[in-house]
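Atoms considered below: every heavy atom in the structure, side chains included; atoms not considered: hydrogens, waters and symmetry mates. Lettering follows sequence order; numbering is per chain, from 1.
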Amino acid sequence: MASTDLSTGRTRPARPSIDALGWLRENLFSSWLNTLISLVLLWMIYELVSGLAGFIFHAQGWSAVASNLKLLLTWTYPPDQLWRPQLVFGLLALLLGLSAGVWRGITLVLATGFGALCLIAALLALALPATANQVALQAWQMCLAAAALVLAGYGGSTAARERLRWPVVIAWVLLYPTVILILRGVGGAMPVVGSNLWGGLMLTVLLSASGIVLSFPLGVLLALGRRGNLPVIRWFCVAYIELIRGVPLVTVLYMASLMLPLFLPGGENIDQLVRATVAVTLFSAAYLAEILRGGLQAIPKGQAEAARALGLNMFQTTLLIMLPQALRAVIPVLVSHFISLFKDTSLVVIVGLADLLGAAQGIVGQPQWLGTPGGVWRETFLVIAVIYWALSFTMSRSARQIELELNIGKQ
Amino acid sequence: MSHPISTEDIIICEHVNKWYGDYHALRDVNLRVKKGEVIVIFGPSGSGKSTFIRTINRLEEHQEGRIIVDGIEMTNDIRNIDTIRRETGMVFQQFNLFPHLTVLENVTLAPIWVRKQTRAESEIRAIELLERVGIKEQARKFPGQLSGGQQQRVAIARALAMSPRILLFDEPTSALDPEMIKEVLDVMRELAGSGITMLCVTHEMGFAREVANRMVFMDKGQVVEEGVPAQIFSEPRQDRTRLFLSQIL
C-alpha cells in the first residue's frame with residue numbers, strides 16, 4: 001500500500017535492497033582509491049587488534065596485578081583490618097541505595113551508576129585467577145555485595161519513603177566523618193591506622209571525594225563573594241581565585257606539603273594526607289567558583305527581582321532561586337571539572353602519598369619482577385588506566401543522565 | 001464599579017525623583033492611590049512608568065521624595081522593605097516564573113518561606129488560586145511546558161498567594177501573542193472587581209476604559225495628566241496626552 005502513489009497510480013521505486021557485499025562494494029571499494037584506502041585501514045586495524053590481543057593473552061605481567069591486587073586497592077593498609085575499607089564501601093552502597101529509593105531522580109541515576117560499576121568490577125575480579133590470592137576472591141564478593149546493598153537499600157526505602165527522608169539526610173551528613181573515623185580507627189577492636197599506611201584506589205577515591213565535597217561549599221562562597229556588593233570580600237575572592245588559578249596544582253601541593261609546616265605552629269605534625277586534601281580542596285574551590293559564577297551570570301535578572309518582589313530575603317533568593325538554576329546550567333562543566341580533579345589527584349605521588357598511581361609504581365618496582373622480560377609496567381599501568389577510565393566514564397554517563405532528568409521542565 | 005473604594009490612601013508618593021547617572025528618570029512624581037482603586041498608568045516607552053511602579057516595592061530605589069505604602073515609609077531599612085514587599089504582589093512583562101520549580105512550587109514558595117505556612121495549607125490555597133486563574137490542571141507541570149498566557153496566569157496566582165493588598169502589573173500582556181492577551185486580561189478584570197488595589201502599566205486601552213478608576217499619563221519621567229477614563233479618552237486636558245492617544249487608538 002505504501003509503495004503506491006495514489007495520485008498517479010504508479011509504484012514508487014522500491015528501496016534499493018543492499019546485501020552485505022553490495023554495501024561493501026558501495027562504501028569501501030567504489031573506486032581504486034577507495035579500495036586502496038580501505039585495504040590500508042583494514043591492515044592497520046588488523047595489526048592493532050592482533051597486537052593488542054597478543055599482548056593481552058601472552059603478556060606475563062598480569063600475575064603482577066593479580067597477586068598485588070591488595071596493594072593496588074589499599075596499599076599498605078593492615079591486611080587484618082581490611083574489613084574497615086570494606087565496611088566503608090558497603091556503607092556507601094547502602095546509603096546510595098536508600099537515597100535512590102527515597103528521592104528517585106538524580107539519586108537513582110547515581111545509585112544505578114555505582115551499582116553497575118560494582119557489578120562490572122565483580123565480573124572482572126572473578127576473571128582473575130582466583131587462586132592467585134585471597135584478595136581477588138574477596139574483591140569480587142565485595143563488589144557483588146555492594147551491588148546487592150544498593151538494591152536492598154533501594155527496596156527497603158521505597159517502602160518507607162516518607163519516614164526515611166530525614167534519617168538518610170543525616171546519614172549523608174555524618175558519612176564523611178564516619179568514614180574517616182572507621183578508616184583511622186579509635187583503638188580497641190579498631191586500632192589506629194595512620195594515614196601513611198593508606199593508599200591505592202582507596203586513597204584516590206577518598207582524596208577526590210574529599211576534594212569535591214569540601215571544595216563545593218568553599219567554591220559557592222567564593223562565587224557569591226565575587227558577585228556580592230561588599231568590596232573587601234569581593235577583592236579577597238578575586239585575589240584568591242586569580243592566585244590559585246595562576247599556579248599549577250603541583251605548586252599548591254608543594255606549598256601545602258612543605259611550606260605549611262613552616263607557617264603553622266606544630267605544622268610538622270599535620271598529617272601528610274590532610275595537607276594534600278587541603279591543597280586539592282583549595283585548588284578545586286577556585287575553579288568551582290568560576291564555573292558557578294558563569295552559571296549565576298546566565299540567570300536572567302528577572303529571577304532575582306521576582307524572588308525579592310515576593311518578599312524572599314537575600315539568603316533565600318540565593319539558596320532557593322539562584323543556586324539551583326546556576327548549578328543546573330553548569331552541570332556539564334562541573335562534572336568535567338570533577339573528572340579532571342579525580343585524575344589530578346595522581347599528582348599527590350610527588351608529595352609522597354601512594355595513591356593508585358603511586359601503588360602502581362610501587363608494584364612495578366618490586367624486585368620479583370626484575371627477571372620478567374620488559375618488566376610488568378605495561379600491564380600494571382594499563383590496568384590503572386582502565387580503572388581511571390571506568391570511574392571517569394561512570395561519572396560522565398551519570399552526569400548525562402542527570403541532565404536528562406533535570407531537563408524535564410525546559411524546552 | 002462593583003466594589004466601594006475607601007477614602008483611605010494606601011499608596012502615597014510625594015515628589016519622587018530618580019536619576020540613572022545624569023539621566024533624570026522620574027521627575028517630581030506625585031500620586032495618591034486609595035484602597036481598592038484600579039489605576040492604569042500609560043505613556044510612551046521610556047516615559048518612566050515601569051521605573052515608577054518598581055519604586056513602589058523597591059526594585060528601583062528613589063533618591064528624593066517619599067513613598068508610603070500601607071502606612072509604612074519606604075526607607076533603606078531592610079525590614080520596612082521586606083514588610084512592604086510582603087504586602088505587594090508584582091506581575092512582570094517577562095513572567096519571571098522560576099523554571100526549576102513546578103507551577104505548584106512556584107505558587108507555594110513564598111507562602112512557605114516568607115509566611116511560614118505549612119506545605120499542606122499553602123498547597124490547598126495554591127490549588128484554589130490556580131483554579132481561579134483557570135489552570136488548576138497544570139499544577140504539576142513546569143513553566144517551560146506552558147504557553148505564555150498560561151505562564152502569566154501562574155505568575156498572577158503566585159503574586160496572589162501572599163494575599164497582597166496591592167498588585168503591581170508591569171506591562172503584563174506586552175510579551176504575549178495576541179490570542180493570549182484576552183485570557184490574562186480576563187483574570188485581571190476579575191481581580192479588579194474583587195476590591196484589591198491595582199496599579200497597571202499597560203497599553204490595553206480597552207481594559208483601561210472598562211475597569212480603571214483612574215488613568216495616569218506619564219511622559220519623560222513626569223505625570224502629565226491624570227483623570228477618570230471617560231475624561232482622559234474624550235477630552236484630555238494636555239496636548240501630549242491627546243497626541244499619544246491619537247497614535248495608539
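- The two residues A:A306 and B:N96 come nearest to each other via the heavy atoms CB-O, 3.5 Å.
- For the pair B:V114 and A:Q316, the tightest heavy-atom approach, listed with the atom from each and the gap, is CG2-OE1, 4.3 Å.
- In the displayed structure, A:R161 atom CZ is contacted under 6.0 Å by more than 12 heavy atoms of other residues, nucleotides or ligands.
- In this structure, B:K136 places its NZ atom where only 12 or fewer heavy-atom neighbours from other residues, nucleotides or ligands lie under 6.0 Å away.
- Here the closest heavy-atom approach between residue A:Q303 and residue B:F98 is recorded as OE1-CD2, 3.1 Å.
- We find the CH2-CG distance between B:W113 and A:N313 to be 10.0 Å, quoted to the nearest 0.5 Å.
- Both the backbone and the side chain of B:R158 come within less than 4.5 Å of a heavy atom of chain A.
- With a 4.5 Å cut-off on non-hydrogen atoms, B:I81 does not touch chain A at all.
- A:A304 does not touch chain B: none of its heavy atoms, backbone or side chain, sits under 4.5 Å away.
- Residue A:F236 qualifies as open at atom CZ: its count of foreign heavy atoms under 6.0 Å is 12 or below.
- Considering all non-hydrogen atoms of both residues, B:P99 and A:Q325 come closest at CG-OE1, 3.3 Å.
- The CD1 atom of A:I321 lies 5.5 Å from the CG atom of B:L101; values are rounded to the nearest 0.5 Å.
- Annotation: A:M314, atom CE; neighbour count of heavy atoms from other residues, nucleotides and ligands within 6.0 Å does not exceed 12.
- Rounding to the nearest 0.5 Å gives a distance of 7.0 Å between NE2 of B:H100 and CG of A:L320.
- Note: B:L97 leads B:N57, B:I78, B:L97, B:T88 in heavy-atom pairs under 4.5 Å with chain A.
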May I have the step-by-step check of side chain to side chain contact (heavy atoms under 4.5 Å, CB included) for A:R308 and B:R58, ending in yes or no? CA-CA 9 Å; A:R308 281 158 53 204; B:R58 222 355 134 78; over 6 Å; no
